[in-house]
Amino acid sequence: EGHPNNVVCVKYSQPQRIVYTVSSAFIKVWDLRMKPGSCIKTLSSSGLTTNGPVALSNGSSSSRSLAMPPGETQINDICLSNSGYSLFSAAADKVRIWDLRKFQDR
């Protein structure tokens, strides 16, 4: 369930007990209320969402990919709103605002 490349950013929402991690063009959403914590959503720089982790490699969990998937760009940073219901992501020339109640790009 890990990232295909190095993790460059981690944010924690204490009220929801959710962790957001960034690697390459993806934000993974980890629910720490589950034992063990698991990836419940993957948000992409293009605005798409996927339930759970995204499989990008040839199926081998030990392989890591440096190639950017087509249509995606490197996510540079993320920030949580004070309310904890919005997540801002910066990638290339775009800032996306994610509604965390629906896990959708606004």
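Basis for what follows: all heavy atoms, side chains included, without hydrogens, waters or symmetry-related copies. Here, residue 1 is the first one in the sequence, and each next residue gets the next number.
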Next on the checklist: Could you measure the distance from the CD1 atom of Ile75 to the CG atom of Leu43? Nearest 0.5 Å is fine.
Outcome noted: 7.5 Å
Checklist entry - Are Met34 and Ile40 close enough that some pair of their side-chain heavy atoms sits under 4.5 Å apart? => result yes
Checklist entry - Which heavy atom of His3 sits nearest a heavy atom of Phe26, and at what distance? => result CE1-O, 4.1 Å
Checklist entry - Does the Thr42 side chain pair with the main chain of Gly52, one donor and one acceptor, at a distance under 3.5 Å? => result yes
Checklist outcome for this item: So OG of Ser45 and CD of Gln74: to nearest 0.5 Å the spacing works out to 8.5 Å
Checklist outcome for this item: For Ser89 and Trp98, the nearest pair of non-hydrogen atoms, with its separation, is OG-NE1, 3.1 Å
Next on the checklist: Going by side-chain hydrogen bond (donor to acceptor under 3.5 Å, both in side chains), name the residues that satisfy it together with Asp31, two or more places apart in sequence or in a different chain.
Outcome noted: Arg33
Checklist entry - Taking only residues two or more places apart in sequence or in another chain, which ones pass side-chain hydrogen bond (donor to acceptor under 3.5 Å, both in side chains) with Asn51? => result Lys41
Item to check | Distance in Å, Ile78 CD1 paired with Tyr20 OH, rounded so as to fall on 0.5 Å steps | outcome: 8.5 Å
Show every donor-acceptor pair shorter than 3.5 Å between a side-chain atom in residues 9-19 and any protein atom, with sequence neighbours excluded, or say none if there are none.
from  : atom 1 : to    : atom 2 : distance (Å)
Ser13 : OG     : Gln16 : OE1    : 2.2
Arg17 : NH2    : Leu32 : O      : 3.4

Checklist entry - Pairs in or reaching into residues 70-97: which pass salt bridge (charged side-chain N to carboxylate O under 4.0 Å, His left out), with residues at least two apart or in two chains? => result Arg96-Asp105
Checklist entry - Taking Ser46 for the side chain and Gly71 for the main chain, is one N or O donor matched with an acceptor at less than 3.5 Å? => result no
Checklist outcome for this item: In this structure, CD1 of Ile27 is separated from OG of Ser24 (nearest 0.5 Å) by 11.5 Å
Next on the checklist: Is it true that Trp30 and Thr21 share a donor-acceptor pair across their side chains at a distance under 3.5 Å?
Outcome noted: yes
